[in-house]
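Below is one structure, written out as structure tokens; comments come after it.
First the proteins, then the strands, lettered A, B, ... as listed; each starts at 1.
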Amino acid sequence: MSLQAAAFLTAAFLIVVGAAGILLLDNLIKKIIAFTFLSDGVNLLLVTVAYVEGGHVPILLPGMSIFEFAEKAALVFPAGIVLTNIVIGVSTTAVLLALTIVLYRKYGTLKASIALRGEKE
Amino acid sequence: MSNQPLVALIVVAPILVAVLLNLGYGKIRFSKYLFIASAFALLIIVLLSGYGYHWFAGHPIFQGLRLSLEYVFTPYHKFALFILSLLLIFTAFAASVSVVGKPGVYYAFLLLCYASTAMAVLTNDLYHLWIAVEVASLIIAGVVIAAGSPGAHRATLKYMFITGFAGAGLAVSLAILLGVTGVANISDAVYALSTMSLEGFMPTIYMAYAFFVIAWIYVAGMAPTHPIKADIYRYSLPHAAALLQAQAKLMMVAIGLIILRLFGSMPFTRESMLVISLITAIFGVVLALMQSDLRHVLAYIVVSHGGLVGIGLSIGTAYAISAALFQAINDIIYMGLLFLACEAIILLVKRDPAAGLGNLISKAPSLALFIFIGSFAASGIPPLNGFQSELMLINAALSVGLPEVAVVILFVSVTTFIALFKSIYEIILRPKKVESEVLGSIPNSLYASLFILSVLCIVFGLIPQLPLSFINPMAAEVGLAWPH
Amino acid sequence: MIALAIGCVAALLQKDLLRAAIISGAESVVLAYLFHALLAPDLALTQAIVGAILLPGIIIVTIFKTRRFEE
């Protein structure tokens, strides 16, 4: 199996495990770790789209012609998307963890079934 | 069409002012005046921009492809951003009165809310759209957390979990479209999808469509995420909820138009969007009927009218799209009016409307009048603007041959009326059951905001051709035929 | 890649939350190496720093402020 196909399968597995973790697990911190797996899977998927078989790194080394670069280098645009995604993932995880601490102080437990239930007005 | 550099300023200026507000967060009066002045400045920038486009790293068209990240500014964009800027000004007035403490960072978040919506409305490429959705989700989290109640913390936690799904899904969709077509600009992608042979690619393109629709559902708060988004509207401060519902409607319309342009001609795409919108519209109003708190009722009505806009977008003919865009603008106006009226009630009696009130009509009759105008507009009573747009939606559904959809729209309209007046009777008309003393006063700026929004409700209801002249060119450009 | 698959399931089945955070940090390093093999060295550097230091760092701070073992 080629590297790209194997990487696609791994990315799909990470996405599915992450999504199932967010929906099914009970502990809030495990939900957040599953969320990081979900975004890792998506980043891996994006990088695998950018891969070129037998190509080289998308940096224009001195002495390389532009046509050779355009033919053989891996795609650059998905790398930009992945960098943005990593930053967004860290910010979202930080906000989620802060909210977890606040909810723990109010309810005394990390179980999602108690901390996230609806308010009885 | 010419290059308009002022258009990029609509998105960049709020970000710069937000940075300044962050730096000066200790100085209260500086933050307040800077926030209100920048809201007025944004309105002037929107009015001054000419129609055209703006290319980032602009280079000329190469073999018919645009190949760049782009903002487009048509009459529809000018109209939509004008309404959004008006709402930002009114929210700025309300926030400067009712937020205590050091509000610089909170004002920065409200400005960034405006910037992310403007980015989603103006953009013509997938990268900016994805950035707008991700930034909007973090900003909504910040704005709702500022309300401080444990309900707000719970609502934000649940919201951030589904943000992960929607943002990740939109990135996957971006990857698939980039891999299949090779370009990120949406006009180029539409051209590429229509001219290349898509033999083995159809399943992957349907996957891209599915993730796009998941992002659309998340932004608008449609089924099955409607309780989470309704909690966001209910637990935030009411003036922030006014801005957030405008953001949700405008971003939902933007993403819906892009879905129609990219995937609208493929089979079963619009039918599935129609089913989701119908479920949202029905469940939204039914849940609104069951709530006892006015802010919860308003939140569920916002979600269910989002379903109405989705019905119009899914039908997809030019008349249906202009009905949906008109309904979205009207929703922003009257729901903004009702949320700001909630803010006024809280300022007046210094208590949440959730606790029992009564007999407000004798203490603040003009406020009661504005609430009545807003509720009549939301219920679709002639001659206000809600009636005109819902009439257009019903006509669009009938002209395509879907009378069941027209029945659903009528049902939503009637149930909105019942749900709103149940709560408003408790607050305004019921005499002397729980007497509430007037503890504060409503500032003149808030009265002016409510007055201007009511005038817009009446004017758009009596002269629907005025807003429709802005909307129709855009609808005609995107409109498709219904395939039966 | 097999290490990634086994690791992520193992991390989510732990009773000790600290161990789950450390396994996710180790997985980020493996992912960084995979990015390098897929011709994206800049992403490998970013992912290694963020996933091995930043994310486990803030998760461990949260664990110490709440509770360590899942009940």
Side-chain angles (χ1 to χ4, degrees), chain A residues 8 11-12 14-15 18-19 21-23 28 31-32 34-51 75 77-78 80-82 84-107 112 114-121, chain B residues 69 125-127 130-131 133-135 137-142 144-145 148-165 167-180 182-184 204 207 211 214 227-228 230-231 234-235 291-293 295-296 352 354-355:
Chain A
F8 271 129
L14 275 177
I15 292 177
I22 294 181
L23 289 174
L28 276 177
K31 281 194 203 249
I32 296 174
F35 175 79
T36 56
F37 286 149
L38 176 69
S39 59
D40 278 347
V42 168
N43 293 340
L44 184 58
L45 181 71
L46 281 166
V47 170
T48 318
V49 164
Y51 179 66
L75 298 176
F77 190 34
I81 302 176
V82 171
T84 316
N85 214 359
I86 294 179
V87 172
I88 289 174
V90 172
S91 318
T92 312
T93 312
V95 172
L96 277 171
L97 288 170
L99 285 172
T100 312
I101 297 182
V102 169
L103 280 180
Y104 180 75
R105 285 196 193 137
K106 166 117 178 117
Y107 289 109
I114 300 179
L116 289 184
R117 66 160 182 206
E119 204 167 69
K120 300 200 171 29
E121 293 195 41
Chain B
L69 307 180
D125 62 87
L126 294 164
Y127 184 63
W130 173 63
I131 298 253
V133 169
E134 293 276 17
V135 168
S137 64
L138 282 170
I139 297 301
I140 291 177
V144 176
I145 290 176
S149 58
H153 297 306
R154 272 204 313 268
T156 314
L157 191 62
K158 288 189 259 195
Y159 190 69
M160 296 248 78
F161 275 126
I162 61 172
T163 295
F165 280 110
L170 199 54
V172 169
S173 184
L174 180 51
I176 294 178
L177 281 172
L178 194 62
V180 169
V183 290
T204 39
M207 286 277 294
F211 283 120
I214 289 180
I228 302 180
D231 277 348
R234 189 259 177 264
Y235 287 113
Q291 307 297 330
S292 51
D293 170 18
R295 288 162 72 183
H296 235 136
D352 212 293

Interchain contact, L75(A) with chain B, by part (heavy-atom threshold 4.5 Å)
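Interface part for L75(A): neither.
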Does any heavy atom of chain B fall under 4.5 Å from the side chain of I81(A), the backbone, both, or neither of them?
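Interface part for I81(A): both.
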Of all the residues in residues 84-94 of chain A, which have a heavy atom that comes within less than 4.5 Å of a heavy atom in chain B?
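When heavy atoms of chain B are the reference, residues 84-94 of chain A contributes T84(A), N85(A), I88(A), S91(A), T92(A) within the under-4.5 Å range.
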Any idea which heavy atoms bring [X] and [Y] closest together, and the distance?
X	Y	answer
A168(B)	V42(A)	CB-CG2, 3.4 Å
V95(A)	A141(B)	CG1-CB, 4.4 Å
A19(A)	F165(B)	CB-CE2, 3.4 Å

In terms of heavy-atom pairs under 4.5 Å with chain A, which of V172(B), V135(B), I131(B) leads?
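Sorted descending by pairs with chain A, the first entry is V172(B).
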Considering only heavy atoms, which portion of I145(B) lies under 4.5 Å from any heavy atom of chain A: side chain, backbone, both, or neither?
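Contact with chain A: side chain only.
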Output the distance between atom [atom1] ([X]) and atom [atom2] ([Y]), rounded to the nearest 0.5 Å.
X	Y	atom1	atom2	answer
L45(A)	I176(B)	CG	CD1	7.0 Å
M160(B)	T100(A)	CE	OG1	11.5 Å
Y107(A)	R154(B)	OH	CZ	4.0 Å

With heavy-atom distances below 4.5 Å as the criterion, would you say the side chains of L96(A) and F161(B) are in contact?
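Side chain of L96(A) against side chain of F161(B), heavy atoms only: contact under 4.5 Å found.
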Counting heavy-atom pairs under 4.5 Å with chain B, which one of L23(A), I15(A), L46(A) comes out on top?
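That would be L46(A).
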